[in-house]
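Computed from heavy atoms alone, side chains included, the values below leave out hydrogens, waters and symmetry copies.
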Amino acid sequence: MKRTFGQALSLYGGLLLIGILICMPFWWVITGSIKLPREIIQRVPTMIPESFTLQHFEKLLQASDFPVYLINSLIVASFSTAFTVLLALPAAYAFFRMEFPGRNALYRTILLAYAFPGVVVLIPLYGLFAKVGLIDSPVALVIVNVAFALPFSIWMMRSFLATIPREIEEAAVVDGAPTTTILVRILMPLIAPGIASVAIFAFISSWTEYLFASVLIVSDARRTIPVGFAGIIGQYQIDWGLLLAGATAAIIPVVALFALVGRWFVSGLTDGAVK
């Protein structure tokens, strides 16, 4: 019993330490956004705010282009997420459930494409988008985000499809259901955690993407939040209050997405599906 108690204490103590390390940056950003400027830059930092102000948020919403950046990021991330999920689901089903020549080779090639860093294809993509007139267009960012998120999303979705017993599909085929019906009406509800995971991955990847957004977007009116934040950092001074308030506001959509799709992160959706 003593050994069990000691193991439990070590386990929960370690989890508590990891939780503190993970939450500390978020606490620092959120509390810093409501501090007065003199408290933010003072030599001895304060973990608990000694002052309170909303002037940074007022400046963020009224005297900066953050609302424009926020809308642009929401549009790009939402469309990137939707297209990634719509393409990853049938592609993963084809790779895992269908037989066709070169299936394994094509699947490995798609995963290999994910291993290349974005900077390698930055110049060729810029030239391609310049020829088709997509420079300074959110469409270019959506295409890039989907292209880089899709390989890993297919792999992730394929892993969730592997947990679905084939007997479910075989029973649907016996009943005369076509492939589209099996995919949409039978498999999609069963792999809801996989769809939610892919959606979260695609959204966060698009939400935090900086490299292509800083090169493919030229005008200030079409910038996303990561690129817009870079403009807040000046050469000789930084408005830390404004920067922390913007970072706090940028966290809200991600937290809202987790709250929206978190209920699908459950296990055992297929328990009892096959009798």
Write down the atom of [X], the atom of [Y], and the distance for their closest heavy-atom approach.
| X | Y | value |
| --- | --- | --- |
| Ala149 | Ser153 | O-OG, 2.7 Å |
| Leu60 | Ala249 | CD2-CB, 4.2 Å |
| Val76 | Pro138 | CG2-CB, 4.0 Å |
| Ile154 | Ala88 | CG1-CA, 4.0 Å |
| Met156 | Ser197 | SD-CB, 3.6 Å |
| His56 | Ser33 | CD2-O, 3.2 Å |

Which atom pairs, donor and acceptor, lie under 3.5 Å between side-chain atoms of residues 141-148 and protein residues at least two apart or in another chain?
| residue | atom | partner | partner atom | Å |
| --- | --- | --- | --- | --- |
| Asn145 | ND2 | Ser80 | OG | 3.4 |
| Asn145 | ND2 | Leu141 | O | 3.0 |

If you group Ile, Leu, Val, Met, Phe, Trp and Tyr by side-chain heavy-atom gaps below 4.5 Å, do [X] and [Y] land in one group?
| X | Y | result |
| --- | --- | --- |
| Val29 | Ile34 | no |
| Ile252 | Ile204 | no |
| Phe26 | Leu17 | no |
| Val120 | Leu150 | yes |
| Ile75 | Val85 | yes |

[X] side chain near [Y] side chain, heavy-atom distance below 4.5 Å:
| X | Y | value |
| --- | --- | --- |
| Lys35 | Leu244 | no |
| Phe212 | Val121 | yes |
| Glu39 | Thr53 | no |
| Ile217 | Asn72 | no |
| Ile71 | Val68 | no |
| Pro226 | Glu209 | no |

Please check if the side chain of Ser51 supplies one atom and the backbone of Leu36 the other of a donor-acceptor pair under 3.5 Å.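 Yes; at least one donor-acceptor contact below 3.5 Å.
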Between the main-chain N or O of Ala250 and the side-chain N or O of Trp207, is there a donor-acceptor pair closer than 3.5 Å?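 Checking the backbone N and O of Ala250 against the side chain of Trp207, a donor-acceptor pair under 3.5 Å is found.
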Are Leu187 and Ile164 close enough, and set up right, to give a side chain to side chain contact (heavy atoms under 4.5 Å, CB included), and what steps lead you there? CA-CA 8 Å; Leu187 294 182; Ile164 307 299; 3.7 Å; yes
Which value, rounded to the nearest 0.5 Å, describes the distance between [X] atom [atom1] and [Y] atom [atom2]?
| X | Y | atom1 | atom2 | result |
| --- | --- | --- | --- | --- |
| Leu15 | Ile20 | CG | CD1 | 11.0 Å |
| Leu16 | Leu11 | CG | CG | 11.0 Å |
| Leu216 | Ile135 | CG | CD1 | 5.0 Å |

Suppose the criterion is ring pair (Phe, Tyr, Trp, His ring centres under 6.0 Å): which pairs have a residue in residues 170-202, not counting sequence neighbours?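 Of all non-adjacent pairs touching residues 170-202, those that pass ring pair (Phe, Tyr, Trp, His ring centres under 6.0 Å) are Phe152-Phe201.
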Ring pair (Phe, Tyr, Trp, His ring centres under 6.0 Å) pairs, two or more places apart, involving residues 57-94: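 As it turns out, there is no ring pair (Phe, Tyr, Trp, His ring centres under 6.0 Å) pair with a partner in residues 57-94 once direct neighbours are skipped.
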Taking everything shown except Ile123 itself, do over 12 heavy atoms lie less than 6.0 Å from its CD1?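 At most 12 heavy atoms, drawn from other residues, nucleotides or ligands, come within 6.0 Å of this atom.
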Please check if atom CH2 in Trp27 has more than 12 non-hydrogen atoms from other residues, nucleotides or ligands closer than 6.0 Å.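 Check fails, neighbour count at 12 or below.
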Between Leu89 and Ile191, is the side chain to side chain contact (heavy atoms under 4.5 Å, CB included) condition met? List the steps. CA-CA 10 Å; Leu89 181 58; Ile191 60 171; 3.4 Å; yes
For Met157 and Ile195, what are the C-alpha separation, side-chain angles and deciding distance, and is it a side chain to side chain contact (heavy atoms under 4.5 Å, CB included)? CA-CA 7 Å; Met157 197 78 75; Ile195 296 175; 4.1 Å; yes
Can you list the steps and then say if Ile225 with Leu70 is a side chain to side chain contact (heavy atoms under 4.5 Å, CB included)? CA-CA 6 Å; Ile225 287 180; Leu70 179 62; 3.7 Å; yes
Show, in sequence, the C-alpha distance, side-chain angles and deciding distance for Asp65 and Arg223, and conclude whether the salt bridge (Lys or Arg N to Asp or Glu O under 4.0 Å) test is met. CA-CA 9 Å; Asp65 293 327; Arg223 287 181 177 177; over 6 Å; no
